Visitor: 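Here you go, one structure.
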Amino acid sequence: MRKVALVGAGVSKFGVRKASYRDLIWEAGKACFDAVPAVKPKDVEGLVVGSVMPERTAFQSHISSMAAEALGIRPSALSARTEHMCASGTVGIRYAYAFIAAGLADLVMVLGVEKLNQPSGDEAILNMGTGVDREWEASFGLTAPPCFALAAQRHIAEYGTTEEQLAMVGVKNHTHASKNPNAHFQRGATLEQVLGSRMISSPLRLFMCSPITDGAAAVLVASEERARALTDTPVWIRGTGQALDGFQLTSLHENYAHWPALSRAAQAAYGMAGVRPQDVDVAEVHDCFAIAELIAYEELGFCEKGEAGAFVAAGRSDYGGDVVVNSRGGLMGCGHPLGATGVAQAAEVFAQLRGEAGARQVDDAAIGLTHNNSGMGEHVVMIYGRESR
Amino acid sequence: MSYFRATDPFPLESAEHTKLHEFYARLAAGRLATTRCAACKRLAWPPRAFCGECASDRFDWVDLSGEGTIHAFTIQEVGLPSGFAGPRVFAIVKIDGLRVFSILVDAEPAKVAIGQAVRLSPLRVADDPSGNARWLPAFRPA
């Protein structure tokens, strides 16, 4: 297989945006093309768009062609949309990676976009129920928060994880987001604020949850030859893995604090990349809820099972610790525009590994990881390197 | 044209819409049922018309006891979808060795506990677009 690298990235402002679905596509596309002046839209051979529910929000399907036209891209090698709920963006990057590695394309844009806050606020939450099983789960009013609350309760019961430790994830990520001008929230948060925020689904409080956010992000993915022609500092895709435990809550591991699919996805990615968990300098993990970040530390191998609460409390996932987790502010601080999230994670790792992350820069970051999940039962892991293998 | 909203959160349960109609017919009669694969005899939850183990599409309906215990639960206070109100008790109920996702109705949230005995309490929800009654398999404290 050929080597594959990121050569450019751009992110729109995330938030409750006064912008249309197409406006967001334009903003992320503009930011990405601006980052690679040598590339014009006509040079891009393929486009993959990660987007979950434009049919319900923008009342639009046929998404990849719509976005290609909006950006002036005329795909000749690949045009596709990926819908994989919250992991749609990273799944899109995997498609681009595979096509380029196989020699079927040399330069592909992956764009993630979601306009969740329309047509109305109450519909926005109802729409989120499309991500769980309609017949057996969403018909009861289930959306994501109670699912992850079940995991949090189990982790608390089994390992003595505390509400303060859950809150520390919120404090860390909101603090990181305060240094990210594209983040939904930029005011930071104190432990008191997080613990005093209203209860959403016990034990998860508002500041332990990601919000409903509009936004878009784009990356340019290239073959080795094209990458070296475009930049002196490509960021290499070193490994990737994806694994499924199940879709319905009752198909997952009986103990919701255990996410075996994440461990399997991580092992696949580490093995392919030839790196170990302790080699990772910067990690963007899927903190849709605070408990998700804690369980991710364990399943990704940053700490032992059950030790995630102590890991965050000791600052080991923050600047100066073992690995800086969610330097851009994570889903909690940046917001979670579903399809855009995985691409925005890649954009952050791209900036970190090139030393271009500004106030958020992690010293001498050489290996980066992204973790994107679709519910608790399905996980995607990417590993990036400053050096090709 | 005024703003039209099409948001039906409930399944289409009638025989012309689903192979699982029998589940809902029994539920309306107060019975909790599921499918057993006719080929490999695997008991499923939720019911299914295709066996993911042996790829058979032949199945039989079997009644479950309708009485179980709470394996896990959470209480959602706010942020529920339009049409659903908090506090709402979501629970995983263990019945006959199966794990069933549902809600607990007529329960005092503060008194819900893991291991608590619960029983089936079919919940009538909005009729389907043709006016047929629809039911969901909810539970209540035993």
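The shown structure was predicted, so the numbers you read here are calculated from the model rather than taken from an experiment. Here is the naming used below: chain letters follow the sequence lines, and residue numbers restart at 1 for every chain.
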Visitor: Looking at S201(A) and T74(B), what are the two nearest heavy atoms and their distance?
Guide: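 Of all heavy-atom pairs spanning S201(A) and T74(B), the closest is OG-OG1, 3.1 Å.
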Visitor: Does R134(A) use its side chain to pair, donor to acceptor, with the backbone of F10(B) at less than 3.5 Å?
Guide: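 Between the backbone of F10(B) and the side chain of R134(A) there is no qualifying donor-acceptor contact (under 3.5 Å).
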Visitor: Side chain from CB out, backbone as N, CA, C, O: work out which of these in V100(B) comes under 4.5 Å of a heavy atom of chain A, or both, or neither.
Guide: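 When you check distances to chain A, only backbone atoms of V100(B) fall under 4.5 Å.
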Visitor: On a heavy-atom basis, which atom in G141(A) and which in L80(B) lie closest, and how many Å separate them?
Guide: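 Where G141(A) meets L80(B) most closely, the heavy atoms are O-CD2, 3.9 Å.
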Visitor: Counting only heavy atoms not in R187(A) (residues, nucleotides, ligands), do more than 12 fall under 6.0 Å from its CZ?
Guide: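 Not buried by this count: 12 neighbours or fewer within 6.0 Å.
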Visitor: Which pair of non-hydrogen atoms, one from E254(A) and one from H71(B), has the smallest distance, and what is that distance?
Guide: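 Heavy-atom minimum between the residues: O-NE2, 3.2 Å.
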Visitor: For the atom pair OG1 (T143(A)) and CZ (F84(B)), what is the distance rounded to the nearest 0.5 Å?
Guide: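 Reported value, rounded in 0.5 Å steps: 10.0 Å.
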Visitor: Counting N and O atoms only, with roles assigned by atom type, does the side chain of R99(B) sit under 3.5 Å from a partner on the main chain of L252(A), one being a donor and the other an acceptor?
Guide: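 Checking the backbone N and O of L252(A) against the side chain of R99(B), a donor-acceptor pair under 3.5 Å is found.
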Visitor: Top residue by heavy-atom pair count (under 4.5 Å) with chain B, among I200(A), N127(A), I212(A), L206(A)?
Guide: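 Ranked by heavy-atom pairs under 4.5 Å with chain B, first place is I200(A).
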Visitor: Would a distance-only check, ignoring hydrogens and angles, find a side-chain to backbone donor-acceptor pair under 3.5 Å from S202(A) to I75(B)?
Guide: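 Yes, S202(A) side chain to I75(B) backbone: donor-acceptor pair under 3.5 Å.
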Visitor: With respect to chain A, which residue among T18(B), V78(B), L12(B), L123(B) yields the maximal number of heavy-atom pairs within a distance under 4.5 Å?
Guide: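 Looking at each option in turn, the highest pair count goes to V78(B).
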Visitor: Can you confirm whether more than 12 heavy atoms, excluding those of R264(A), are under 6.0 Å from its CZ atom?
Guide: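 More than 12 heavy atoms, drawn from other residues, nucleotides or ligands, come within 6.0 Å of this atom.
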Visitor: Fit a plane to each ring of W45(B) and W136(A), take the angle between them on a 0 to 90° scale, and name the class: parallel (under 30°), tilted (30 to 60°) or perpendicular (over 60°).
Guide: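 Correct class here is perpendicular.
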Visitor: With a 4.5 angstrom heavy-atom cut-off, is it the side chain or the backbone of P146(A) that approaches chain B, or both, or neither?
Guide: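 For P146(A), the contact with chain B is made by backbone and side chain together.
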Visitor: Look at the side chain of Q153(A) and the backbone N and O of A72(B), then say whether any donor-acceptor pair between them is shorter than 3.5 Å.
Guide: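 Between the backbone of A72(B) and the side chain of Q153(A) there is no qualifying donor-acceptor contact (under 3.5 Å).
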Visitor: Measure the OG-CG distance between S102(B) and L249(A) for me, rounded to the nearest 0.5 Å.
Guide: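 Going from the OG atom of S102(B) to the CG atom of L249(A) covers 12.0 Å.
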Visitor: Need one label for P87(B): side chain, backbone, both or neither, based on atoms under 4.5 Å from any heavy atom in chain A.
Guide: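 Looking at P87(B), nothing touches chain A.
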Visitor: Taking the side chain from R88(B) and the backbone from F140(A), do they hold a donor-acceptor pair closer than 3.5 Å?
Guide: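 Yes, because the side chain of R88(B) sits within donor-acceptor range (under 3.5 Å) of the backbone of F140(A).
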Visitor: Any idea which heavy atoms bring T250(A) and P46(B) closest together, and the distance?
Guide: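 Here T250(A) and P46(B) meet closest at OG1-CD, 4.4 Å.
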Visitor: Can you tell me how far apart CD (Q76(B)) and CG (L204(A)) are? Round to the nearest 0.5 Å.
Guide: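 Output value for this atom pair is 10.0 Å.
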Visitor: Hey, what do you get for CZ (F101(B)) to OG (S251(A)), rounding to the nearest 0.5 Å?
Guide: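 The OG atom of S251(A) is 12.5 Å from CZ of F101(B), to the nearest 0.5 Å.
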Visitor: So, E77(B) and R205(A), do they make that salt bridge, N to O below 4.0 Å?
Guide: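 So E77(B) does not pair with R205(A) through a salt bridge.
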Visitor: Between L20(B) and chain A, which part of the residue has a heavy atom less than 4.5 Å away: side chain, backbone, both or neither?
Guide: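 The answer is the side chain of L20(B).
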Visitor: Could you pull out the closest heavy-atom pair between P81(B) and L126(A), with the gap in Å?
Guide: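 In terms of heavy atoms, the two residues are closest at CB-CD1, 3.5 Å.
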Visitor: Is there a side-chain contact between S139(A) and V125(B) in this structure, where contact means two heavy atoms from C-beta onward sitting under 4.5 Å apart?
Guide: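 A side-chain contact is absent here, since even the closest heavy-atom pair is not under 4.5 Å.
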